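Below is one structure; the comments refer to it alone.
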Amino acid sequence: MRRLFGVLRLLAAAAIIVAIVGQFAQSWSMVSDRLAFVVNFFSFFTILSNALSAIVLLVGAWYAFARRVDPAAYNLVRACVVTYMATTFVVYNLLLREISLDQATTVPWSNEILHVWAPLYLIADWVLAPGRRRVEWRRLWTIAIFPIAWAVYSMIRGAIVGWYPYPFLDPAQQAGYGGVAVYVIAIAAFILLVGAGIIALSRTPWPHEPDEPTAAAPPGRPGEREGVTSA
C-alpha cells in the first residue's frame with residue numbers, strides 16, 4: 001500500500017509541475033515586462049503552495065519506497081503543505097473563482113489542477129497514506145509561519161510596486177488597510193483552524209493508527225534479544 005501511494009505521489013507531483021509550467025508558458029508569451037511577470041507569478045500563494053507541494057510529494061514518493069515511516073521533520077513539512085493547499089482550495093472556490101486574476105490568460109485545465117484537484121489529492125494522501133506520524137499540537141504555530149511571511153511580503157511589495165496578487169490584499173479595492181486587515185485576520189484564523197484539523201487527523205486512528213519509529217531493543221544476551229530465556 002505504501003508503494004502505491006509512492007506512485008500516486010509521483011503522478012500528482014507531475015500533474016502539478018505540468019500545470020504550473022503550462023500556466024507560466026501561456027502567460028510568458030503574452031506579457032511585455034517579463035521580469036515583473038516572473039516575480040508576480042511566484043508571488044501568488046497558489047503557485048508557491050503548489051510548488052512546495054510538488055517538492056514534498058517527490059520527497060514523499062522516495063520515502064514511500066525507501067522507508068516504512070516518514071521522518072518527523074518531513075511529516076511536519078507535509079502537514080504544513082496540506083494545510084496551505086486546503087486553504088487554497090477553500091479561498092479560491094469561495095472568494096476568487098469568478099475573479100479574473102492578473103496573470104495574462106488563465107489556462108482552465110491548469111487552474112483546476114492547482115486550485116481543486118491537487119489540494120484534494122494532498123488531503124486524501126494525508127488521510128489515507130500509511131507512514132504518517134502524529135504531529136504535536138504545539139506545531140500549529142509552525143504551520144502559520146509561511147502564510148504570515150507571505151502576507152507581510154505581499155503587503156510590503158504591493159505598497160512599493162502597486163501590485164497585489166489578490167484583490168482582498170489591495171487597499172484600493174478594500175476601502176483601505178482596514179478592509180485588508182479584516183480579510184487577512186479572517187484567512188489567518190482559517191489557516192489555523194485548518195492546521196488544527198490537519199494535526200487532529202494525524203492523531204486519529206482512522207483509517208489506520210499513526211506510525212511511530214520502532215524503539216531499538218536494549219542490549220542483552222543473545223538469547224534474551226531473541227526472546228529466549230534460560231530455565
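Fair warning: this is a prediction, and the values are worked out from it, not measured in the lab.
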| Of all heavy-atom pairs between L114 and T88, which one has the smallest distance, and what is that distance? | O-CG2, 4.2 Å
| note | In terms of heavy-atom contacts, A86 and I123 come closest through CB-CD1, 3.9 Å
| task | Indicate whether any N or O donor in one side chain lies under 3.5 Å from an N or O acceptor in the other, for S43 and Y153. | result | yes
| field | Any donor-acceptor N/O pair, W28 side chain to R34 backbone, under 3.5 Å | value | no
| query | Thinking salt bridges, do R78 and D70 make one under a 4.0 Å N-O criterion? | reply | yes
| Looking at side-chain heavy atoms only, is the closest gap between V184 and L169 below 4.5 Å? | yes
| said: Can a donor-acceptor pair be found, under 3.5 Å and without considering hydrogens, that links the side chain of R2 to the backbone of R67? | reply: yes
| note | Shortest non-hydrogen pair, F5 vs P130, comes out as CD1-CD, 3.8 Å
| said: Would you say that Y164 contacts S154 through its side chain, given a criterion of any heavy-atom pair below 4.5 Å between the two side chains? | reply: no
| field | Within-4.5 Å side-chain heavy-atom neighbours: V77 and V59 | value | no
| Between F42 and F24, what is the ring plane arrangement, given parallel below 30°, perpendicular above 60°, and tilted in between? | tilted
| field | Donor-acceptor pair between T46 and H115 side chains, under 3.5 angstrom | value | yes
| task | Quickly, which of Y92, W150, W163 forms a ring pair (Phe, Tyr, Trp, His ring centres under 6.0 Å) with F44? Name it, please. | result | W163
| Looking at W141 versus F146, is the centre-to-centre ring distance below 6.0 Å? | no
| message | So V135 and I198, do their side chains get closer than 4.5 Å, heavy atoms only? | response | no
| task | Look only at the side chain of Y84 and the backbone of A79, and say whether a donor-acceptor pair between them is shorter than 3.5 Å. | result | no
| field | Side-chain heavy atoms of V91 within contact of F168, under 4.5 Å | value | yes
| said: So, taking the atom named CZ in R3 and the one named CG in L8, what distance separates them when rounded to the nearest 0.5 Å? | reply: 14.5 Å
| Is there a donor-acceptor pair closer than 3.5 Å between any side-chain N or O of S202 and the backbone N or O of R134? | no
| remark: When every non-hydrogen atom of I16 is compared with those of S53, the smallest separation belongs to CD1-CB, 4.1 Å
| Is any side-chain heavy atom of I199 closer than 4.5 Å to a side-chain heavy atom of L140? | yes
| query | Checking side-chain contact (heavy atoms from CB on, under 4.5 Å) for the pair V81/L122: CA distance, chi angles, key distance, verdict? | reply | CA-CA 8 Å; V81 168; L122 265 292; 4.3 Å; yes
| field | Neighbour count >12 (heavy atoms, 6.0 Å) for atom CG, L35 | value | no
| said: Taking M1 as the starting point, is it possible to reach Y121 by hopping between hydrophobic residues whose side chains are less than 4.5 Å apart? | reply: yes
| field | Check: N111 side chain, T106 main-chain N or O, donor-acceptor pair, under 3.5 Å | value | no
| field | Separation of I55 CD1 from I17 CD1 (nearest 0.5 Å) | value | 8.5 Å
| said: Are F45 and Y166 packed together at the side-chain level, in the sense that at least one heavy-atom pair is separated by less than 4.5 angstrom? | reply: yes
| query | Judged by atom type as modelled, is there a donor-acceptor pair below 3.5 Å linking the side chain of Q23 to the main-chain atoms of V107? | reply | yes
| Do you know which two heavy atoms are closest between F41 and I20, and how far apart they sit? | CZ-O, 3.8 Å
| request: Compare every heavy atom of M85 with every heavy atom of A118, then report the nearest pair and how far apart it is. | output: CB-CE, 3.6 Å
| Charged N to carboxylate O below 4.0 Å: is that the case for D125 and R9? | yes
| query | Is it the case that R139 and N75 place a side-chain donor and acceptor less than 3.5 Å from each other? | reply | no
| request: Using modelled atom types only, decide if a donor and an acceptor are shared between the side chain of R133 and the backbone of V69 within a distance under 3.5 Å. | output: no
